[in-house]
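All values below were derived from every heavy atom in this structure, side-chain atoms included, with hydrogens, water molecules and symmetry-related copies excluded. Computed from a predicted model, the values in this text were never measured in an experiment. For this chain, numbers begin at 1 and follow the sequence in order. Order of appearance sets the numbers: ligands from 1, and atoms from 1 within every ligand.
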Amino acid sequence: MNWWTNLKGKVALNEPLKKHTTFKIGGKAKFFVEPEDAADLKILLRTATQHRIPLYVIGMGSNVLAPDNGIDGVVLRLSAPYFKNILFKNNHIQMGSGVLLSEAVLRVRDHGLSGIEFLTGIPGTVGGALAMNAGTSDKSIGDLVQDVTVMDYRGGIKRLDKRNIDFGYRKSSLAKYIILSARIKLAKKNKSQINEKIKNYISYRKLTQDSSRPSAGCIFKNPKGASAGRLIDICGLKGKRIGGACVSLKHANFILNTGKAKARDILRLVKFIKRRVKDKFNIVLEPEIKIWR
Ligand code: EPU
């Protein structure tokens, strides 16, 4: 009997990861698993540990560079309805980690609540956003979190209060768990004001960011007190191309897949940019994307 036959959720074998990353890059995952609920997830985690199968978590795949030769392990996605639950109570929203940020923003607005408009246009899930403390230059999701329910790799579930979670710039201490759900504090607001904010975020993104080709959004974190996009721009690297990977002409911190880019093209371009920025500014850029190996 195969180890995955005990699972109730979906298990795909040799699943192309390019279908699941916004970069549209990546070889095959040996196992692509979508557990049905928390009990199923627990079985998966225990089995993977027992069989020493490496495990990678994916949300919307918007911040991941998957290797060309694929993943010899499990890629886990919490996309079953169980992980997409949304509940409102008083001025709080409780959301499953598989909820898309775009949906969360609209559901919150429809309840006449405000606070997460800044997540507009970020292609991701609640779980992914919490793991990397997603946000804009002035606000991150961690600022609003009340508590987060997680599962550890042995299958134990616990609720972590915000005081016990470290949120940093594009990182959080939650990354060592599987995030199940989060409770976020919101404030009552007039719907038209909320809509206005959402519209502004959409137009700023349209104006500044490049959605003409597949990408993973910003490639590098902003160094302290500086903008990675501006530094790369000053180095004259807009339009720089290696293989199928190209620095966006619109926003220099975006690398585009012009059609047939491989992960190795992206990595070579990342290395090239890092070297140029280091030479010119003596600043070492750090990737924001997760580079799977
Ligand atoms: N800039 C340039 N040239 C460029 C790009 C930007 O000079 O090619 C300048 C801009 O004119 C601006 C400054 O750099 O003065 C900052 O640019 P921007 O406002 O576009 O913001 P960012 O710091 O590049 C951050 C997040 C984005 C998020 C926006 C929204 C990081 C690394 N990036 O971008 O997040 O959408 O703020 O405000 O924190 C992502 O995480 O994938 C992402 C795209």
Side-chain angles (χ1 to χ4, degrees), residues 20-25 58-66 100-102 104-105 115-144 167-172 174-175 196-241 245-258 261 266-267 269-270 272-274 276-277 280-281 283-292:
H20 303 285
T21 58
T22 56
F23 246 144
K24 304 280 174 241
I25 288 174
I58 198 163
M60 230 180 121
S62 56
N63 214 37
V64 164
L65 181 63
L100 297 182
L101 297 176
S102 53
V105 169
I116 59 167
E117 296 89 319
F118 69 98
L119 297 173
T120 301
I122 297 183
T125 59
V126 168
L130 286 164
M132 62 164 297
N133 196 17
T136 59
S137 37
D138 49 54
K139 219 174 187 187
S140 302
I141 193 166
D143 304 335
L144 303 165
F167 285 107
Y169 171 57
R170 298 295 176 268
K171 63 178 180 189
S172 86
L174 296 168
E196 193 58 28
K197 266 185 147 183
I198 292 177
K199 263 199 232 150
N200 288 342
Y201 279 112
I202 293 174
S203 28
Y204 184 71
R205 271 178 192 273
K206 271 203 178 137
L207 195 71
T208 57
Q209 299 186 356
D210 197 335
S211 57
S212 64
R213 296 289 173 97
S215 81
C218 287
I219 282 284
F220 297 102
K221 295 180 185 179
N222 284 334
K224 255 205 178 81
S227 150
R230 187 182 289 135
L231 299 177
I232 300 165
D233 193 353
I234 296 171
C235 287
L237 294 178
K238 278 184 169 168
K240 169 71 192 172
R241 197 175 171 137
C246 182
V247 177
S248 160
L249 292 170
K250 196 167 174 185
H251 195 301
N253 199 10
F254 278 54
I255 292 181
L256 308 179
N257 172 0
T258 61
I266 308 285
L267 290 172
L269 191 50
V270 161
F272 183 89
I273 295 168
K274 279 184 76 166
R276 281 294 184 86
V277 170
K280 195 166 180 77
F281 300 103
I283 291 176
V284 178
L285 290 179
E286 207 188 306
E288 184 194 90
I289 56 163
K290 299 278 174 263
I291 299 168
W292 286 1

Q: If we ignore hydrogens and angles and just use 3.5 Å, is the side chain of Tyr169 paired with the main-chain N or O of Asn222 as donor and acceptor?
A: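 Answer holds: yes.
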
Q: Compare all side-chain heavy atoms of Leu231 with those of Phe220 and state whether any distance is below 4.5 angstrom.
A: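 Contact flag for Leu231/Phe220 side chains = no.
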
Q: With a cut-off of 4.0 Å, which atoms of ligand 1 are near a heavy atom of Gly217?
A: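 Reading through ligand 1 atom by atom, the close ones are 42 (O).
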
Q: Please say whether Thr136 places an N or O atom under 3.5 Å from an N or O atom belonging to ligand 1.
A: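 Such a contact does not occur with ligand 1.
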
Q: Could you tell me the residue and atom name of the protein heavy atom closest to atom 25 (C) of ligand 1, and the distance to it rounded to 0.1 Å?
A: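 Minimum-distance protein heavy atom for atom 25 (C) of ligand 1 reads Asn222 ND2, 4.3 Å.
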
Q: Is it the side chain, the backbone, both or neither of Tyr204 that has a heavy atom closer than 4.0 Å to ligand 1?
A: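 Tyr204 to ligand 1: side-chain contact only, backbone stays beyond 4.0 Å.
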
Q: Counting only heavy atoms, which portion of Tyr169 has something under 4.0 Å from ligand 1: side chain, backbone, both, or neither?
A: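 It is the side chain that gets close, since no backbone atom is under 4.0 Å.
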
Q: Checking a contact table here: which protein heavy atom is nearest atom 37 (O) of ligand 1, and how many Å away?
A: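 Of every protein heavy atom, Ser137 N, 3.9 Å lies nearest to atom 37 (O) of ligand 1.
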
Q: Should we count NZ of Lys238 as having more than 12 external heavy atoms under 6.0 Å?
A: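 For Lys238, atom NZ is crowded (more than 12 foreign heavy atoms under 6.0 Å).
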
Q: Could you check atom 21 (O) of ligand 1 against the protein and tell me its nearest heavy-atom contact, residue, atom and distance included?
A: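 For this ligand atom, the closest protein heavy atom is His251 NE2, 4.3 Å.
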
Q: Is there a donor-acceptor pair under 3.5 Å between the side chain of Ser172 and the backbone N or O of Ala131?
A: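 The answer is yes, because a donor-acceptor pair under 3.5 Å joins these two groups.
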
Q: What is the closest protein heavy atom to atom 3 (N) of ligand 1, and at what distance does it sit?
A: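 Nearest protein contact, heavy atoms only, for atom 3 (N) of ligand 1 is Asp233 OD2, 2.8 Å.
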
Q: Is there a donor-acceptor pair closer than 3.5 Å between any side-chain N or O of Arg241 and the backbone N or O of Cys246?
A: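 Flag not set: sc Arg241 to bb Cys246 has no pair under 3.5 Å.
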
Q: Under a 4.0 angstrom heavy-atom cut-off, which atoms of ligand 1 come close to Arg205?
A: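 Those of ligand 1 that fall under 4.0 Å from Arg205 are 36 (O).
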
Q: Looking only at distance, does Thr208 have an N or O less than 3.5 Å from an N or O of ligand 1?
A: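 No, no N or O pair falls under 3.5 Å.
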
Q: Can you report which non-hydrogen protein atom sits closest to atom 16 (C) of ligand 1, along with the distance?
A: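 Heavy-atom neighbour on the protein nearest atom 16 (C) of ligand 1: Ser227 OG, 3.7 Å.
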
Q: Any side-chain heavy atom of Thr21 sitting closer than 4.5 Å to one from Ile58?
A: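 In contact.
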
Q: Answer yes or no for atom 18 (P) of ligand 1: protein heavy atom present at a distance under 4.0 Å?
A: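 So far as the 4.0 Å threshold goes, atom 18 (P) of ligand 1 is in reach of a protein heavy atom.
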
Q: Are Arg170 and Ser140 packed together at the side-chain level, in the sense that at least one heavy-atom pair is separated by less than 4.5 angstrom?
A: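 Yes, side chains in contact.
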
Q: Could you pull out all residues at least two apart from Glu196 that satisfy side chain to side chain donor-acceptor pair (under 3.5 Å)?
A: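 Residues passing side chain to side chain donor-acceptor pair (under 3.5 Å) with Glu196: none at all.
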
Q: Considering the heavy atoms of Arg170, write down every atom of ligand 1 situated less than 4.0 Å from one of them.
A: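 Counting from 1, the qualifying ligand atoms are 39 (O).
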
Q: Do any N/O atoms on Asn253 end up under 3.5 angstrom from N/O atoms on ligand 1?
A: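 Such a contact does not occur with ligand 1.
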
Q: With respect to Asn63, determine whether any N or O atom, backbone or side chain, lies less than 3.5 Å from an N or O atom of ligand 1.
A: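 Among all N and O atoms of Asn63, none is under 3.5 Å from an N or O of ligand 1.
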
Q: Identify, for atom 29 (C) of ligand 1, the protein heavy atom at the shortest distance, and state residue, atom and that distance.
A: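 Atom 29 (C) of ligand 1 sits closest to the protein heavy atom Gln209 NE2, 3.8 Å.
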
Q: What atoms in ligand 1 come closer than 4.0 Å to a heavy atom of Phe220?
A: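 Within the 4.0 Å cut-off of Phe220, ligand 1 contributes 32 (C).
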
Q: Other residues, nucleotides and ligands only: do more than 12 of their heavy atoms fall within 6.0 Å of NZ on Lys171?
A: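 Atom NZ in Lys171 is not crowded, with 12 or fewer foreign heavy atoms closer than 6.0 Å.
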
Q: Asn253 side chain to Ile232 main-chain N or O, any donor-acceptor pair under 3.5 Å?
A: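 Pair absent, no side-chain N/O of Asn253 close to backbone of Ile232.
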
Q: Please confirm whether the backbone N or O of Gly168 pairs with a side-chain atom of Asn133, one donor and one acceptor, at under 3.5 Å?
A: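 Yes: the side chain of Asn133 pairs with the backbone of Gly168.
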
Q: Tell me whether Cys218 has any N or O atom under 3.5 angstrom from an N or O of ligand 1.
A: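 By distance alone, the answer is yes.
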
Q: Nearest 0.5 Å, please: how far is CG in Leu256 from NZ in Lys250?
A: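 Output value for this atom pair is 10.5 Å.
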
Q: Can you report which non-hydrogen protein atom sits closest to atom 40 (C) of ligand 1, along with the distance?
A: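 Nearest neighbour among protein heavy atoms for atom 40 (C) of ligand 1, to 0.1 Å: Glu288 OE1, 3.4 Å.
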
Q: Heavy atoms, side chains only, cut-off 4.5 Å: are Pro223 and Leu285 in contact?
A: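 Pro223 reaches Leu285 side chain to side chain.
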
Q: What's the shortest distance from atom 10 (C) of ligand 1 to any protein heavy atom, and which residue and atom give it?
A: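 The closest one turns out to be Arg230 NH2, 4.4 Å.
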
Q: With only distance considered, is Ala252 within less than 3.5 Å of ligand 1 through an N or O on each side?
A: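 Right, the criterion is met.
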
